[in-house]
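Since the structure comes first, as structure tokens, the remarks are kept for the end.
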Amino acid sequence: MLIKQISVFIENMPGKLGEVTQVLEENGIDMSALSLADTTDFGILRLIVNDPDKACQVLRNHDFIVKQSDVVAAVIDDRPGGLTAVLQILSGAQVSVEYMYAFVGNQDGHAVVVMRTDNAETALQALEDNHVSTLDPKDIYRL
């Protein structure tokens, strides 16, 4: 299944990142994974949270610009070449990876790579067809 990721556009100035996390905290929203990329004027905070719809709503209510998108969370072997094998599967399926970030969870000997691709459904099917485990929302949202 596909995972819902939220992207929050924030001004690149002191305190703005803390404002986002405070709003999430005040609304009981737990973060499972995050990535922050910045430019001179703004940053894009990408989050996997336990309730993406609620997170979008409360952040918009606090005047943040928020976008929700589908990503794939693949479980890969935590060894040299583990990521390469997954990327070769996606390339063979003509899927481009737009960006990715990884985290280590409770996956014994494995890492989890969150990927935004140009075709999430095709990516998910290609990984499953090649016996690469992917996480369901229930596995990652920690409701």
Under 3.5 Å, which donor-acceptor pairs link side chains of residues 55-63 to any protein atom two or more places apart or in another chain?
unit_1 : atom_1 : unit_2 : atom_2 : d
R60    : NH2    : V66    : O      : 2.8
N61    : ND2    : Q57    : O      : 3.4
H62    : ND1    : V58    : O      : 2.9

Aromatic Y99 / basic R46 pairing, under 6.0 angstrom, 45° off normal: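 Judged by the rule (NZ or CZ under 6.0 Å from the ring centre, within 45° of its axis), R46 counts as positioned above Y99.
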Partners meeting side-chain contact (heavy atoms from CB on, under 4.5 Å) with F42 (sequence neighbours left out):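 Testing F42 for side-chain contact (heavy atoms from CB on, under 4.5 Å), a comparison that skips the adjacent residues, returns F9, T39, I44.
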Does the side chain of [Y] come within less than 4.5 Å of [X]'s, by heavy atoms?
X: I6; Y: K67; answer: no
X: M31; Y: T21; answer: yes
X: L47; Y: I29; answer: no
X: V72; Y: L2; answer: yes

Considering all heavy atoms, the nearest E128-T134 contact: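 That would be OE2-OG1, 3.6 Å.
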Nearest heavy atoms of V75 and H110, plus distance in Å: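 Closest pair (atom of V75, atom of H110, distance): CG1-CB, 3.5 Å.
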Going by atom type alone, with no hydrogens or angles, which donor-acceptor pairs under 3.5 Å involve a side-chain atom of residues 86-97 and a protein atom two or more places apart or on another chain?
unit_1 : atom_1 : unit_2 : atom_2 : d
Q94    : NE2    : S91    : O      : 3.4

E19 CD to L24 CG distance, which is reported to the nearest 0.5 Å: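 Here the rounded value is 12.0 Å.
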Straight-line distance of D41 CG to E11 CD, nearest 0.5 Å: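 It comes to 9.0 Å.
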Within 6.0 Å of CG in L36, more than 12 heavy atoms from elsewhere: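 Above 12, so yes.
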Side-chain donor or acceptor of N50 paired with backbone N/O of D30 under 3.5 Å: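 A pair under 3.5 Å: yes.
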Side chain K16, main chain G43, donor-acceptor under 3.5 Å: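 No, K16 side chain to G43 backbone: no donor-acceptor pair under 3.5 Å.
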Criterion side chain to side chain contact (heavy atoms under 4.5 Å, CB included) on I48 and V71, from CA distance to verdict: CA-CA 10 Å; I48 305 294; V71 294; 4.0 Å; yes
Flag for Q125-E121: side-chain donor and acceptor within less than 3.5 Å: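 No, no side-chain donor-acceptor contact under 3.5 Å.
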